There are 2 protein chains.
Amino acid sequence: MDEPRWLDEREMAAWRGFVAASNLVARRLEHQLKENAGLSHTQYEILVQLSAAPDGSLRMTDLADRLVTSKSGLTYQVTQMEKAGMVRRRSCPSDVRGVFAELTDEGWRVLRAAAPGHVATVREVLIDLLTPEQLTVLGEGLGEVSERLRAAERGAAGR
Amino acid sequence: MDEPRWLDEREMAAWRGFVAASNLVARRLEHQLKENAGLSHTQYEILVQLSAAPDGSLRMTDLADRLVTSKSGLTYQVTQMEKAGMVRRRSCPSDVRGVFAELTDEGWRVLRAAAPGHVATVREVLIDLLTPEQLTVLGEGLGEVSERLRAAERGAAGR
DNA sequence: ACTCTGTCGTTCAAATTCGAACGAAGGTGT
DNA sequence: ACACCTTCGTTCGAATTTGAACGACAGAGT
């Protein structure tokens, strides 16, 4: 194995900051959502993704791709949310194997109730701690990172 | 409840990028470490933190604070790593309740073996995708975020 | 000395996550 | 029609994470 290119000070600071912030922000968010809305962050993200879809429903695989989770993990969460009445399964007309997850009225209600507190926390733990310039750079940089990693996953899987 | 201040386009982009990148990077890292070194990211971080400590050992609580994990989670991981021979528990002389986790020779060996591949992946999934200017902003911004959240945790817990 | 409060690390049950394997069905080429 | 390969969502077992409760001890105040 070749000599690895170790991280210099600047790179190390960026990496440590990224990892630490990831974990800390995730933890805070998890607590706030569980506390104020009885939801996990995963469940909240499911509500958000479904609410953003044209008719409030998405195919399971499609949904699993948008969240960053495994298919089996999504099956589990959707089952939980179905029990709670936030989501309903609907079979796909054009493909017998396919399953749609669809937002129920209760799901919409829960999402509307949870959103304000969630946004406030997002501001508190990240957005309002940064300057507009920092936000711009963050959005561009990490947006690019996300797209590349998503593309890499598709490239490796879809072969 | 007051009118929430929703996120504008710039803020939303930063938030979405941050969350997506967090999850995607975490997943990649987890796979690479498991594949090439048989370690979880948590375990790797334990090795790193211990190796950075003055005498290769840290108190359990201290270690749990540096990683972002619960005390019980750390107990579990240290037990696993102790079975694997990477770490050893040592009781604290000045405090009977206290327990030190200490890196063994095997632990050092595993860390040295895993480090190059880990750094290469860190470059591949984040560092090398960003410009030096972006890295600077990321380090400063997320470093500040981390410090604030750590301070908030201590403030809430240590009251 | 003695009580009171907080801290230390562990144990426990519950929840969540993942990957591999699975049955079923789609889609393609022959 | 027929194999062949892929995709779909689920099921299963194993691993991990968490918070609450616990027993043991430290430290401060009286």
Side-chain angles (χ1 to χ4, degrees), chain A residues 23-24 26-35 38-46 57-65 67-84 87-102 153-154 156-159, chain B residues 23-24 26-35 38-46 57-65 67-84 87-102 153-154 156-159:
Chain A
N23 291 334
L24 288 164
R27 177 193 280 203
R28 290 289 266 213
L29 231 59
E30 206 70 45
H31 282 168
Q32 185 273 326
L33 279 169
K34 189 66 76 184
E35 182 95 4
L39 295 171
S40 67
H41 192 206
T42 305
Q43 292 177 335
Y44 183 83
E45 280 299 316
I46 290 176
S57 73
L58 284 172
R59 287 287 289 271
M60 292 296 278
T61 298
D62 197 355
L63 187 49
D65 283 344
L67 316 176
V68 182
T69 185
S70 61
K71 288 185 301 175
S72 53
L74 180 62
T75 293
Y76 173 78
Q77 281 302 97
V78 167
T79 302
Q80 298 307 110
M81 294 173 73
E82 202 171 20
K83 287 178 188 167
V87 152
R88 150 178 53 233
R89 273 180 233 249
R90 197 159 46 80
S91 56
C92 175
S94 63
D95 187 340
V96 187
R97 300 167 304 172
V99 172
F100 279 101
E102 184 181 23
E153 280 197 358
R154 296 201 173 286
R159 186 158 306 150
Chain B
N23 291 334
L24 288 163
R27 178 193 279 202
R28 290 289 266 214
L29 230 61
E30 206 69 45
H31 284 168
Q32 185 273 328
L33 279 169
K34 189 66 75 184
E35 182 94 4
L39 295 171
S40 67
H41 191 207
T42 305
Q43 292 176 336
Y44 183 83
E45 280 298 316
I46 290 176
S57 73
L58 284 172
R59 287 286 290 271
M60 292 294 278
T61 297
D62 196 355
L63 187 49
D65 284 344
L67 317 175
V68 182
T69 185
S70 63
K71 288 184 301 177
S72 53
L74 180 61
T75 293
Y76 174 78
Q77 281 304 140
V78 167
T79 302
Q80 298 308 110
M81 294 173 75
E82 202 171 21
K83 286 178 189 168
V87 152
R88 153 178 50 234
R89 272 181 231 250
R90 197 158 45 79
S91 56
C92 174
S94 63
D95 187 339
V96 187
R97 299 167 304 172
V99 173
F100 279 101
E102 184 181 23
E153 280 197 358
R154 297 201 174 286
R159 186 157 308 153

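Being a predicted model, the structure only gives us computed values, none of them experimental. Chain identifiers are assigned alphabetically (A, B, ...) following the order of the sequence lines, protein sequences preceding nucleic acid strands; residue numbering begins at 1 within each chain.
Between the side chain of T75(A) and the base of dG9(D), no donor-acceptor pair of N or O atoms lies under 3.5 Å. One donor-acceptor pair, N or O on each side, does fall under 3.5 Å between the base of dG19(D) and the side chain of S72(B).
With dG19(C), dT16(C), dC8(D) as the candidates, the nucleotide lying closest to the side chain of Y76(A) is dT16(C). Checked against dT17(D), dC8(D), dT16(C), the side chain of T61(A) finds its nearest nucleotide in dC8(D). When the nucleotides dT17(D), dG19(C), dC8(D) are ranked by their closest atom to the side chain of S70(A), dG19(C) comes out on top.
The distance from the OG1 atom of T69(B) to the CD1 atom of I46(B) is 8.0 Å, given to the nearest 0.5 Å. Here the CG atom belonging to L63(B) is positioned 10.0 Å from the CD atom belonging to E45(B), to the nearest 0.5 angstrom.
Note on T69(A): a side-chain N or O is less than 4.0 Å away from OP1 or OP2 of dC18(C). Distances shorter than 4.0 Å separate none of the side-chain N or O atoms of H31(A) from OP1 or OP2 on dT18(D). Between R59(A) and dT7(D) there is no side-chain N or O to OP1 or OP2 distance below 4.0 Å.
Note on Q77(A): only backbone sugar-phosphate atoms sit closer than 4.0 angstrom, heavy atoms only; bases stay farther off. In this structure, G98(A) reaches the sugar-phosphate backbone alone: every heavy-atom distance under 4.0 Å involves primed, P, OP1 or OP2 atoms, never a base. The residue S40(B) sits apart from the nucleic acid: no heavy atom pair falls under 4.0 Å.
In this structure, the CG atom of L74(A) is 13 Å from the C1' atom of dC18(C), given to the nearest Å. Atom CD of Q80(B) and atom P of dT11(C) are 12 Å apart (whole Å). Rounded to whole Å, the distance from CG on L33(B) to P on dT16(D) is 13 Å. Atom-to-atom, CG of N23(A) to P of dT18(D) comes out at 9 Å; the value is rounded to the nearest Å. Rounded to whole Å, atom C1' of dC8(D) lies 15 Å from atom CG of L58(A). For K34(A) and dA14(C), the NZ to P distance is 16 Å, given to the nearest whole Å. Taking atom CE on M81(B) and atom P on dT16(D), their separation rounds to 11 Å, with Å as the unit. Whole-Å rounding puts the L67(A) CG to dT17(C) P distance at 10 Å.
The minimum heavy-atom distance linking A101(B) with M60(B) is given by the pair CB-SD, 4.2 Å. Counting all heavy atoms, side chain and backbone alike, R59(B) lies closest to C92(B) at NH1-SG, 3.7 Å. The heavy-atom pair separating R27(A) from S70(B) by the smallest distance is NH2-N, 4.0 Å. Listed here is the closest heavy atom pair of F100(A) and P93(A): CE1-CD, 4.3 Å.
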Legend entry - side chain to side chain donor-acceptor pair (under 3.5 Å) between R89(A) and T79(A), worked out: CA-CA 9 Å; R89(A) 273 180 233 249; T79(A) 302; 2.5 Å; yes
Inset, instruction - Sugar-phosphate atoms are those with a prime plus P, OP1 and OP2; base atoms are the rest. Using that split, label each nucleotide of nucleotides 21-29 of chain D B, S or - for protein heavy atoms under 4.0 Å, 5' to 3'. - result: ---BBS---
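Of the two residues contacting DNA chain C, namely Q43(A) and D62(B), the nearest-nucleotide position lying further toward the 5' end is that of D62(B).
Of the possible donor and acceptor atoms, one in the side chain of E30(A) sits under 3.5 Å from a partner among the backbone N and O of H41(A).
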